[in-house]
Colleague: 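This is the structure I want to talk about, given as structure tokens.
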Number of protein chains: 2
Amino acid sequence: MVRLKDIAEACGVSIATVSRALNGLTNEGKERTAFICQTAKEMGYYPNAAARTLKTSKSNNIGIIYEDMMTHVYFSTLFDSLRRESEKLGYDLTFIGRGDFTGQQYYENARQRCLDGVIVVQADFDAAGIMHLATSSIPTVIVDHTYEGVDCVTSDNRASMEQIVRHVYLHGHRKIAIIQGQKGMVSRERLAGFYKACVELGVRVPVEYVREGLFQNAVACTEDILELMKLPDRPTCVLCPDDGSAVGAMARLHAKGIKVPEDIALVGYDGTLMSQIITPRLTTFSQDCTRIAQEVFSMLIDAIEYPDTHIPKQVTVVGKIIEGETV
Amino acid sequence: MVRLKDIAEACGVSIATVSRALNGLTNEGKERTAFICQTAKEMGYYPNAAARTLKTSKSNNIGIIYEDMMTHVYFSTLFDSLRRESEKLGYDLTFIGRGDFTGQQYYENARQRCLDGVIVVQADFDAAGIMHLATSSIPTVIVDHTYEGVDCVTSDNRASMEQIVRHVYLHGHRKIAIIQGQKGMVSRERLAGFYKACVELGVRVPVEYVREGLFQNAVACTEDILELMKLPDRPTCVLCPDDGSAVGAMARLHAKGIKVPEDIALVGYDGTLMSQIITPRLTTFSQDCTRIAQEVFSMLIDAIEYPDTHIPKQVTVVGKIIEGETV
DNA sequence: TGCTAGATTGTAATCGTTTTCTGTCATTGT
DNA sequence: ACAATGACAGAAAACGATTACAATCTAGCA
């Protein structure tokens, strides 16, 4: 391993001079600087990250706390976007937060490795711990969950659900059912949007039309839909928690002789590739992961670079309906 | 931030003593050790990772080089497994390898941050660079690609394709077509297995039955299938590069009035959740990501702990056919 | 009691950088 | 020609841990 010291010896200057030359500090003479840089490159020098971190308390590393849900298309897409963005900005992404972490430990773990910032995705699990982290001196951005007074970026679940309801309303639907995902802020927000739009549009919602379901679980979704179809006053349109559920349910319905959209209209969520390649194309709602990632990093970078003047804010990113053929 | 020094002062002992006590070095007296540990905990001490890494050249961090393909279910599943395994063993996972890396840079980047090891997934992109890394002093395991003399774990694409061919053969198919994925070792291996099984079973394969396709691209897959259906001597069974393609294609075929499996048998690949919740359930091949992850880490840990005696090996993990209703 | 072995603990060097402070020159103004 | 100024380079002190080595203390034994 090549050290600053080796270059210093090779060039016949001091370590400090090499360090400054390499870091572009204006101090040094121009051609000497060039010579040092040249030599460093030839010798294959790379600064030791640990030493630099130790001295500067900057690691160029951003921690990411993710539940084990990478297999859900939304989250893998979001991750891809986050990674691309972090790459662009010169940060590496490290997965932190062992499964059994709680309370202070998120914070301590981040502190321990001098992370420059932390991104928490879907912080539904340990409010106290997450808050401790988010209100600490370590820049933190929360994705898809809102806490007071800390940086949050959420795809606006409430507004999107409103959009969806209005969309199907415009297509003539007055009996709209909803199947929710796992309990949590996302589901709550969507339900709130659902009710809000229905109230505003004067659409009556019988309690039986609102069902608890699961994300990414087409079996559950199908069961729920079949239950809905048994109702004396059956809905004409069902809003599913995500595309995976909707696609799976659609296939099952189809096999049962129930036609989409003739017998029942279906709306998905996420705007996945899959939703657009099946027949009929699913009407769904696309969340703009690229935008989300950009917002996340813009807030994070601001918090990192201007820790004193940074003001936490809550940003919502609004997606859009992708019109398919199932409504 | 609490330092060793702070604890030392609080306890009235030297820094070295605290360090030894905390690391369980047998040197220290029992109750003094206990007292130090207790105090450290009370003060909320966490060792500074950078300092420790600088001194010991161990980071407890494993780098992972992944192309941007997290949205493919196979890779997200694999990643989940890798992460779970790394968590269990106490390592963190850091995404490294900026998009424009080449040659030595993978190695230098890993060296720079004192990574204890590196996992390279689908190393199809920069053979020279990857080899430089893999043959360096940094423990490296390559997933889903085979290089001579370095640690590799692959799902046995050749053997699985053979299994698939034999499976459909047993179901009476003699006209078997294959749609490949992106060019690369995975596709090559699968094709080799396909030919091998066909030859052994005495199945004739017209050149038109072998088509180049794309992974995770149902549109391309559908086009390919439709082309195949136009052939004067059409195949009775088509092997698709992955479940996503197969599911999408199936839906399109269905819409065109071509029935699966009556008119054409279809086989997917990956054994995803999706493949099992659609109707008809897709016949597919499940890759055992958990096993792959275990093998990866077993090799990695061995290479890390016994760098001198470690012998690189090539491991293949065999998956199994999931019988659906499309053959 | 005096000496030695063994058990603890402390001192200080080290890991590779960054950065402050000091010192040396050369340049400029008077 | 001399002092003041500024540009540049080097020495050395951190950052927070680990660890080889030296130093101290205790106890066991003659």
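First the proteins, then the strands, lettered A, B, ... as listed; each starts at 1.
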Colleague: Report yes if at least one side-chain N or O of B/Tyr46 is closer than 4.0 Å to OP1 or OP2 of D/dG16; otherwise report no.
Modeller: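 No, because none of the side-chain N or O atoms of B/Tyr46 sits under 4.0 Å from OP1 or OP2 of D/dG16.
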Colleague: I want to verify a distance call: between C/dG16, D/dG16, D/dC21, whose nearest atom is closest to the B/Lys55 side chain?
Modeller: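 Comparing C/dG16, D/dG16, D/dC21 against the side chain of B/Lys55, the answer is D/dG16.
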Colleague: Looking only at side-chain N and O atoms, does B/Asp144 offer a donor or acceptor that is under 3.5 Å from a partner on B/Tyr74?
Modeller: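 Yes, side-chain donor-acceptor contact under 3.5 Å.
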Colleague: Check this one for me: any side-chain N or O of B/Asn23 less than 4.0 Å away from OP1 or OP2 of D/dT18?
Modeller: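 For D/dT18, OP1 or OP2 has a side-chain N or O of B/Asn23 closer than 4.0 Å.
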Colleague: Nearest to the side chain of A/Arg20, which nucleotide is it out of D/dG16, C/dC21, C/dG10?
Modeller: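 Nearest listed nucleotide: C/dC21.
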Colleague: Nearest of C/dG16, C/dG10, D/dG10 to any side-chain atom of B/Thr17?
Modeller: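 Taking heavy atoms from C-beta onward, the closest nucleotide is C/dG10.
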Colleague: When you measure from the side chain of B/Arg3, which nucleotide among D/dA17, D/dG10, C/dT11 comes out closest?
Modeller: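 From the listed options, D/dA17 comes nearest.
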Colleague: Would you mind telling me which of D/dG16, C/dT17, C/dT19 lies closest to the side-chain atoms of A/Leu4?
Modeller: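 So the side chain of A/Leu4 is nearest to C/dT17.
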Colleague: By nearest heavy atom, map B/Leu54 and B/Gly12 onto DNA chain C; which one lands nearer the 5' end?
Modeller: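 In this pair, the answer is B/Gly12.
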Colleague: With heavy atoms under 4.0 Å as the rule, sort B/Ser19 into base, sugar-phosphate or nothing.
Modeller: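 Result for B/Ser19 = base.
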Colleague: Please determine whether salt bridge (charged side-chain N to carboxylate O under 4.0 Å, His left out) holds for the pair A/Asp80 and A/Arg83, giving the CA-CA distance in whole Å, both sets of side-chain angles, and the decisive distance to 0.1 Å.
Modeller: CA-CA 5 Å; A/Asp80 255 3; A/Arg83 190 162 104 80; 5.0 Å; no
Colleague: So, is B/Arg52 close to the D/dG16 phosphate, meaning a side-chain N or O under 4.0 Å from OP1 or OP2?
Modeller: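 False: B/Arg52 side-chain N/O out of range (4.0 Å or more) of D/dG16 OP1/OP2.
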